Amino acid sequence: MTITAGAPPTHSTPAALARGFLTGGVAGTSLAALVVGGIIEKVPLFVAGLVVPTVYGLLLFLAGAPRRRREAAVVPRTALATIESLKAIGGESSDVPVRFDLTVAPDDEPAYRVEITQDINLVDLPDYRPRGILVVQYPPDRPWRVRIVKRPTPEWEERAAGARLDSVPGPATVSEPPEGCAFGFVGLLGLLLGAAVVIGLFRADLFDGDATARQPSSSKPSVSSSSSSTSSSSSTSSTTVVSSASGTVALGPGQSMLDKGELRRAVDSLTEGEGKGEGGGKRSALTVVVQERLLSVVFSPTGTQAPQFDPRSLPYERFPALVEEARTTLGIRSPQTWQITAERLTGSLTIRIGVTGAEGTASLEADGQGKVVRRTPVG
């Protein structure tokens, strides 16, 4: 069974459904803009595919500020809890993410089980062991957001020292209410409509067979190629589109950019033949974006002063591990999408891995060697 306390927030309200529809619409629009912009060589459209989700995320953050202030004003409830099990799940700093399975025993409500992830300092890690008693706090209306109190008051510390708590069966677990079918449906509908709007607006450029023949002679024509390989058990395909301003590689079903060697091959296909043109120099990039089956590169125009980098210098071998760490250590239980963005807007190369799920959006940042330098868990 599932135990709930208070009145948990509902995810089927009109506002939540509208937010799901808008989120799906922004996702569909941005993905379609990246692909269509790369195919028809419209740099503003391609850049819009990167900017729109960033602006939308900022607006969501600002719109959620009043709710976060209200939640912060709620006095948390304090209770005792016992550790049923714990497991360190990674980390490269002095604070290690630890997944706890707790039995929480409020004074005036039934006990319940909950799973949480919290950073614990390596020095303090031996103090946490199965059947140990902890002091925890949680919002009364969101009992699944349990946080361990590392420095409880003397009164609660004394209670914890002499307490003995019975375990609650595993099925009696508190968790955040799921989004529901309606939320997923409107999100999918928004995604499809957003993609359809972009494709509809630029359908003439996409499907006009003479479009490439009308390009100015001074611009480098786009080169589209498809490759496929067939084995006894499966077939795979990919589509590569390269122009003077950008390049994309789209993989077929059943493939992933995180497959061994796939990213290297995709980057080589976009930079193939560079240095044979005027100047013979290396072709630099402004931005590299990697998704499950799509690689997008915005190349640096000749003579630009904007920060740029060699797309072949990225630590692609580290990308699968970085995505896995972002999916499992930032508080998102069921990751839905991920995206890697490499850029030098701040002067030094930054690799940002963003993950989205039902809990929201989280990210981690790594340097040019793929070493994690910052984590932003879901809040």
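What you see below is based on every heavy atom in this structure, not just the backbone, and it leaves out hydrogens, waters and symmetry mates. Nothing here was measured: the structure is a model prediction, and the numbers come from that model.
- The environment of Glu158 atom CD is sparse: at most 12 non-hydrogen atoms of other residues, nucleotides or ligands sit within 6.0 angstrom.
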Open item on the list: As a quick check of understanding, evaluate side chain to side chain contact (heavy atoms under 4.5 Å, CB included) for Val288 and Val290, giving each step before the final call.
Closed with: CA-CA 7 Å; Val288 173; Val290 183; 4.2 Å; yes
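- No hydrogens or angles considered: nothing links the side chains of Thr356 and Gln336 as a donor-acceptor pair under 3.5 Å.
- Taking 4.5 Å as the limit, every side-chain heavy atom of Ile353 sits out of range of all side-chain heavy atoms of Gln339.
- Counting only heavy atoms from C-beta outward, the side chains of Tyr112 and Val168 never approach each other to under 4.5 Å.
- The closest side-chain heavy-atom distance from Val249 to Leu270 is below 4.5 Å.
- Side chain to side chain, Gln291 and Trp338 fail the donor-acceptor criterion of an N or O pair below 3.5 Å.
- A salt bridge does not link Lys260 to Glu317: none of the charged side-chain nitrogens sits closer than 4.0 Å to a carboxylate oxygen.
- Residue Arg344 qualifies as enclosed at atom CZ: its count of foreign heavy atoms under 6.0 Å is above 12.
- Cation-pi contact between Arg265 and Tyr316: absent, since separation from the ring centre below 6.0 Å together with deviation from the ring axis within 45° is not met.
- Here Asp107 pairs with Arg159 in a salt bridge; the nearest charged N to carboxylate O distance falls below 4.0 Å.
- A distance-only check finds no donor-acceptor pair linking the side chain of Glu365 to the backbone of Val372 [under 3.5 Å].
- Here the straight-line distance linking atom CZ of Arg147 with atom CZ of Phe100 works out to 9.5 Å at 0.5 Å rounding.
- A side-chain N or O of Glu84 and one of Thr103 form a donor-acceptor pair less than 3.5 Å apart.
- A 6.0 Å sphere centred on CZ of Arg131 holds more than 12 heavy atoms belonging to other residues, nucleotides or ligands.
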Task: side chain to side chain contact (heavy atoms under 4.5 Å, CB included) between Leu322 and Ile340, intermediate numbers included - done: CA-CA 9 Å; Leu322 291 173; Ile340 302 173; over 6 Å; no
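- Looking at heavy atoms from C-beta onward, Leu330 lies out of side-chain contact with Thr376 at the 4.5 angstrom threshold.
- Comment: Arg113 engages Asp101 in a salt bridge, judged by a side-chain N to carboxylate O separation of less than 4.0 angstrom.
- Ion pairing between a basic and an acidic side chain is recognised when a charged N comes within 4.0 Å of a carboxylate O; Glu157 and Arg151 show no such pairing.
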